[in-house]
Every structure is written in structure tokens, then in C-alpha cells.
Trainee: 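Quick one: the structure is below, and I'll ask about it shortly.
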There are 2 protein chains.
Amino acid sequence: MQDSQTSESTQKTIEETIVSGILSAKIRPGTRLSENQLATLFSVSRTRVREAMMRLETRGIVHVSPRRGWFVVEPSAEEAIAVYEARRVIEAGLLRSMRVLTDEGSKALDVHLNEEKTAMAAGDRQRLTYLMGDFHIRIAELSGNAIIVDILRDLTARTILISMLYQSEFHAAQSHDGHCRIFEAMQAGDFVRAAELSVEHLDEVEMGLDLTTRPDPLSELRSSLSLPPKTVSPTPGPKKPQLQRSN
Amino acid sequence: MQDSQTSESTQKTIEETIVSGILSAKIRPGTRLSENQLATLFSVSRTRVREAMMRLETRGIVHVSPRRGWFVVEPSAEEAIAVYEARRVIEAGLLRSMRVLTDEGSKALDVHLNEEKTAMAAGDRQRLTYLMGDFHIRIAELSGNAIIVDILRDLTARTILISMLYQSEFHAAQSHDGHCRIFEAMQAGDFVRAAELSVEHLDEVEMGLDLTTRPDPLSELRSSLSLPPKTVSPTPGPKKPQLQRSN
DNA sequence: TCTGGCTATCTTGCATACAAGACAGGAAAG
DNA sequence: CTTTCCTGTCTTGTATGCAAGATAGCCAGA
């Protein structure tokens with residue numbers, strides 16, 4: 001990484017604890033993150049918690065509602081689309097730019113895919129969620145480019161939040177299959193094909209979302225209030241429903 | 001973009017002032033950013049300056065040397081390579097994913113290229129630096145994807161810092177020409193070609209760097225210490241003149 | 001002159017105190 | 001019973017104070 005791991009290990013711990021909690025689907029979108037609670041939880045003062053929150057905010061993981069609190073982001077449908085778009089662009093661009101798949105890289109992906117299969121057989125859904133996201137990070141790691149890895153990690157975290165909001169059912173087998181096919185193309189040295197498959201894979205996952213479902217039941221009401229109570233509007237276009245309320 | 005612009009306008013101002021200072025090459029890499037000075041400069045307390053610094057740190061713009069101070073990053077040669085690699089991946093991926101160039105988009109790029117030409121004729125190097133980076137951001141804006149725009153803005157800022165460190169001479173005409181050719185391919189609807197040209201363009205710029213020149217004269221010494229001293233340079237090497245001086 | 005160490009000063013690191021807005025719950029009025 | 005308002009409590013926003021490390025410059029000793 002570009003920064004030294006010199007000091008502030010605690011800060012990084014707060015940040016990373018939250019991010020990895022999201023990556024493994026243990027923290028839901030909209031979860032309230034109280035500065036005081038985190039402070040006592042990590043045995044630090046609010047100052048340091050705040051710094052971690054600020055960092056997470058610039059990473060698009062968390063947002064603050066002024067004087068009300070910090071919340072794990074609940075991406076709107078538009079933001080969800082943007083996240084998938086960004087991932088397609090970056091992951092396809094990355095695969096296209098690859099020239100070789102090293103033996104260690106091949107081995108790492110193979111191990112990973114076996115873990116996916118194991119988790120799938122065990123029905124360990126949380127672990128599966130984590131692994132499904134991690135696959136893409138693993139690919140990024142093959143490039144050795146820390147910048148891209150960081151970007152994709154944050155986008156993956158957001159993707160998982162999106163899944164928790166909009167994904168009706170979890171097509172684990174389909175995703176796993178997609179990963180396997182990408183891997184096969186890479187092994188064959190056909191990175192263009194791998195890129196195409198990656199785009200298709202992300203499309204599939206995105207298609208599996210129900211982006212018409214509002215995470216906030218109030219927004220339905222809200223939008224119907226600003227409309228004539230007739231039977232109009234096949235799709236009422238409400239503003240981004242950014243209300244929080246998770247537990 | 002992804003965060004609301006709800007409050008903390010001052011914070012954003014500190015952040016954006018620094019970033020735009022970098023984008024227009026008014027702030028050099030290694031510039032010291034004193035919390036106290038910024039605090040008085042922006043008429044706020046250190047607290048808010050610190051928050052801005054934390055944010056800039058996660059964006060890869062600034063780094064902190066513990067108990068010594070905040071500094072605008074001085075990317076190493078390896079980091080410079082990673083930044084260009086990331087830009088190639090993302091920008092090529094972006095162009096490949098484009099399907100149409102709207103009239104407004106075409107117009108915007110045309111206006112931009114004329115500005116480049118004007119600045120080039122006027123020999124306004126600072127403005128030229130800004131415009132040369134901004135071209136790529138403009139392209140990102142065409143996608144309408146705020147995530148990608150943010151990512152590329154930060155990478156562009158880093159690119160400019162890299163240029164200030166390693167670029168021996170400024171091939172403005174060559175860059176401008178590269179931009180024009182990308183634009184032409186886009187106008188022709190050939191986004192695959194535009195992506196290829198974009199990669200070539202970034203390659204050219206990267207090749208124009210002298211990545212063997214160390215920004216830190218001490219590293220020469222450092223490396224020579226672990227090497228047989230063929231020709232010892234008697235330069236005592238004064239520390240980097242990292243004073244802030246923007247105009 | 002050169003070297004070594006000490007101290008004064010400047011920097012960030014971190015905690016805490018207080019301000020101020022948001023919200024919930026209850027009391028009072030209708 | 002319903003509505004309104006008020007107040008207590010909880011939240012973040014911001015400044016400030018103090019601790020501790022880093023640095024520069026001076027002074028003494030060789």
C-alpha cells in the first residue's frame with residue numbers, strides 16, 4: 001500500500017473491522033454506527049472513531065446524517081447501477097490488460113473456487129457472500145496493482161450492500177459457475193474472453209436484483225402522496241430513498 | 001458525489017482547494033501542509049483541517065509522517081507506474097464500454113480541445129497542465145458515472161504530481177494531438193479504437209517520464225551505500241525544499 | 001574546527017468539554 | 001380520544017487542552 005502502516009493501528013482496525021463486516025454480510029445497509037458505541041467498543045475516544053468514519057465516508061461505505069448519526073450506506077437504485085457499471089468497466093479493463101496468468105495466480109484462484117464450492121455445499125451463506133465478492137478482489141490482486149485492488153474492494157463492499165437491499169434470491173450456483181468460466185478463460189490465456197465473461201457475469205448478478213423494490217417502505221408512500229391518487233404512473237420516479245432504519 | 005453535500009461546506013472547501021491546487025500544478029509534491037497554517041488560513045480549528053487531511057489521505061493525495069507533518073504525496077517510481085497502469089485499465093475500460101457520443105458530449109470535448117489549443121498558443125503552462133488532465137475527466141463525465149469520475153479525478157491529481165516529479169520536459173503538442181485523435185475516434189463511433197489510442201496516449205506520457213530520477217537525492221546516497229562506491233558524489237544533498245509556496 | 005548532547009520549540013495524536021440540533025415521550029388543552 | 005407543545009435526552013459538530021515525539025539550534029568539550 002502507498003501509506004505506511006507506521007502508526008494508528010487502531011484506526012485502521014475500526015475501518016477494516018467495519019469493511020470486513022460488510023464484506024461478509026454481517027453488517028446490513030442502514031446500520032447505525034454510533035460514535036459513542038464504537039468508541040467504547042474499541043476503547044478509544046470519539047475522535048478516533050470519527051476519523052475512521054470520515055475515511056469510510058470518502059470510500060463510499062458510510063454516510064452521516066447531520067446531528068443524527070452515521071449509517072452504513074443504503075445505495076439507491078441509481079447508485080446501484082453506477083456501482084455495477086463501474087465494476088464492469090474496471091474489471092473488464094483489468095482482465096483485458098492482463099497478459100499472463102502465473103502459476104501462483106492460477107493456484108490461488110483454483111483454491112478460491114474450491115472454497116466457493118465447499119461453502120456452497122455447506123450452505124454457509126454468509127461465507128459464500130464473502131467468497132463471491134472476494135473472487136473479484138483476488139483477480140485484482142493478480143495484477144499486483146494496489147490501487148485497483150483498493151478500488152475494487154470498496155466497490156465490492158458496496159455491491160454486497162446492494163445485494164442485501166435488492167437481491168431477492170441468491171443464485172450462488174450461477175455466480176460460482178460464472179467465476180469458473182472466467183477462470184477457465186484466463187487459464188486458456190484468453191483474457192479478452194475473460195473480460196467478456198466478466199461483463200456478462202456482472203450483468204447476470206445485476207439482473208438478479210429487483211431494483212424496483214424500495215429499501216424504504218416510506219418512499220412508496222411518499223411518492224404516492226405527491227401524485228394524483230389515480231392509477232397513473234407505471235413507474236413513479238421517487239427521489240433517492242435515503243432513510244435509515246435497520247434494527 | 002456519492003455523499004450528500006448536506007453540511008460541512010468548509011471541509012469540502014479545504015479538500016477541494018488542495019485538490020484543485022494540485023490539478024492546476026500550483027501545489028508541488030512534498031509540499032508541507034501544516035494543520036495550524038491551514039487552520040488559520042481557513043479560519044477553522046485544527047479539528048476540521050485534520051478531517052480534511054484524513055479524507056485526502058484515503059484519496060491518496062496526502063500522507064502523514066507521524067508527529068512530523070502532513071505532506072502532499074511524492075509518488076515513488078513504482079507508485080507512478082501503478083497509477084498509469086490503473087488509468088490505462090480504467091480509461092480504456094470506460095471507452096470500450098461507451099456506445100454513443102452524444103452531441104453535447106461531442107460539443108464539450110470540442111470546446112475543451114480548443115481551450116487546450118488556446119492555452120498552448122499562449123504558452124500558459126499551468127493552465128495547460130490543468131487542461132491536459134481535465135480532458136480525461138471530461139471523458140469520464142460523459143459516462144455520467146460519478147464513481148468513475150471521482151476515481152479518475154484522484155488518479156489525475158496523482159498523475160500531475162508524478163509529472164512534477166519525473167517529467168523532464170512537457171510535450172504539450174504531443175499530448176494535445178493524442179487527445180484529438182481519441183476524440184476523432186469517438187466521433188467516428190469507434191470506441192474500441194479510442195480505447196486503444198487512450199492506452200497509447202498514456203503510454204507515451206509515461207514514457208516521457210524519467211523514472212530513474214529520484215525525487216529524493218538521499219536515495220542515491222542510500223543505494224550507493226549498499227553498493228560498491230564507484231564514483232562517490234560529493235553532493236551533500238540538502239533536503240527537499242518542501243516549503244509551501246503556491247503563487 | 002568538529003563532535004556530541006541537551007533543550008526549546010514546533011509538530012501531530014488524542015481525549016475531553018461544551019454547543020447545538022434532532023427526536024421521543026409525556027403532559028396539557030381541546 | 002386527539003392534537004400540540006414542551007422538555008429531557010441523545011446525537012453529532014467543533015474547539016481546545018495537554019501529551020509526546022521530532023527537529024533544530026546552541027553550547028560545551030575535545
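The chains referred to below are lettered A, B, ... by the order of the sequence lines, with proteins before strands, and numbering in each begins at 1.
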Trainee: Could you go over nucleotides 8-11 of chain C and give all protein N or O partners under 3.5 Å, atom names and distances?
Mentor:
{"from": "C:dT11", "atom 1": "O3'", "to": "B:Arg32", "atom 2": "NH2", "distance (Å)": "3.3"}

Trainee: To the nearest angstrom, how far is B:Met54 atom CE from C:dT12 atom P?
Mentor: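 My rounded result for the distance is 11 Å.
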Trainee: Testing B:Glu206, B:Arg87, B:His136 one by one against B:Thr159 for a side-chain hydrogen bond (donor to acceptor under 3.5 Å, both in side chains), which residue passes?
Mentor: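 The side-chain hydrogen bond (donor to acceptor under 3.5 Å, both in side chains) with B:Thr159 is passed solely by B:Arg87 among B:Glu206, B:Arg87, B:His136.
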Trainee: Under 4.0 Å: is that the gap between some side-chain N or O of B:Thr47 and OP1 or OP2 of D:dT14?
Mentor: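 Checking D:dT14 against B:Thr47, no side-chain N or O comes under 4.0 Å of OP1 or OP2.
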Trainee: Please state how far atom CE in B:Met53 lies from atom P in C:dT12, giving the value in whole angstrom units.
Mentor: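 Rounded to whole Å, this separation is 10 Å.
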Trainee: Suppose we screen for salt bridge (Lys or Arg N to Asp or Glu O under 4.0 Å). Which residues come up paired with B:Glu78, at least two apart in sequence or across chains?
Mentor: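 By the salt bridge (Lys or Arg N to Asp or Glu O under 4.0 Å) rule, B:Glu78 matches no residue at all.
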Trainee: Is a donor on one side and an acceptor on the other found under 3.5 Å between the side chain of A:Ser97 and the backbone of A:Leu94?
Mentor: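 Between the backbone of A:Leu94 and the side chain of A:Ser97 there is a qualifying donor-acceptor contact (under 3.5 Å).
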Trainee: Start at the 5' end of DNA chain C and walk down; is the nucleotide closest to A:Ser45 or to B:Ser65 reached first?
Mentor: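 By nearest-heavy-atom nucleotide position, the 5'-most residue is B:Ser65.
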Trainee: Checking A:Asp124 side chain against A:Ala119 main chain: does a donor-acceptor pair fall under 3.5 Å?
Mentor: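 Checking the backbone N and O of A:Ala119 against the side chain of A:Asp124, no donor-acceptor pair under 3.5 Å is found.
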Trainee: Are any side-chain N or O atoms of B:Ser65 and backbone N or O atoms of B:Arg68, one a donor and one an acceptor, separated by less than 3.5 Å?
Mentor: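 Not at all, since once roles are kept as given, no pair shorter than 3.5 Å links the two residues.
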Trainee: Could you work out, with side-chain contact (heavy atoms from CB on, under 4.5 Å) as the rule, every residue matching B:Ala25, not counting sequence neighbours?
Mentor: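 Residues passing side-chain contact (heavy atoms from CB on, under 4.5 Å) with B:Ala25: B:Gln126, B:Thr129, B:Ile160, B:Met164.
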Trainee: Rounded to whole Å, how long is the line connecting atom CZ of A:Arg48 with atom P of D:dT14?
Mentor: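 Atom CZ in A:Arg48 sits about 21 Å away from atom P in D:dT14.
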Trainee: Would you kindly give the CZ-to-P distance between A:Phe42 and C:dC14, to the nearest whole Å?
Mentor: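 Spelled out: CZ on A:Phe42 to P on C:dC14 is 15 Å.
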Trainee: Calculate the interatomic distance between A:Arg46 atom CZ and D:dT12 atom P; express it in whole Å.
Mentor: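 Roughly 7 Å, once rounded to whole Å.
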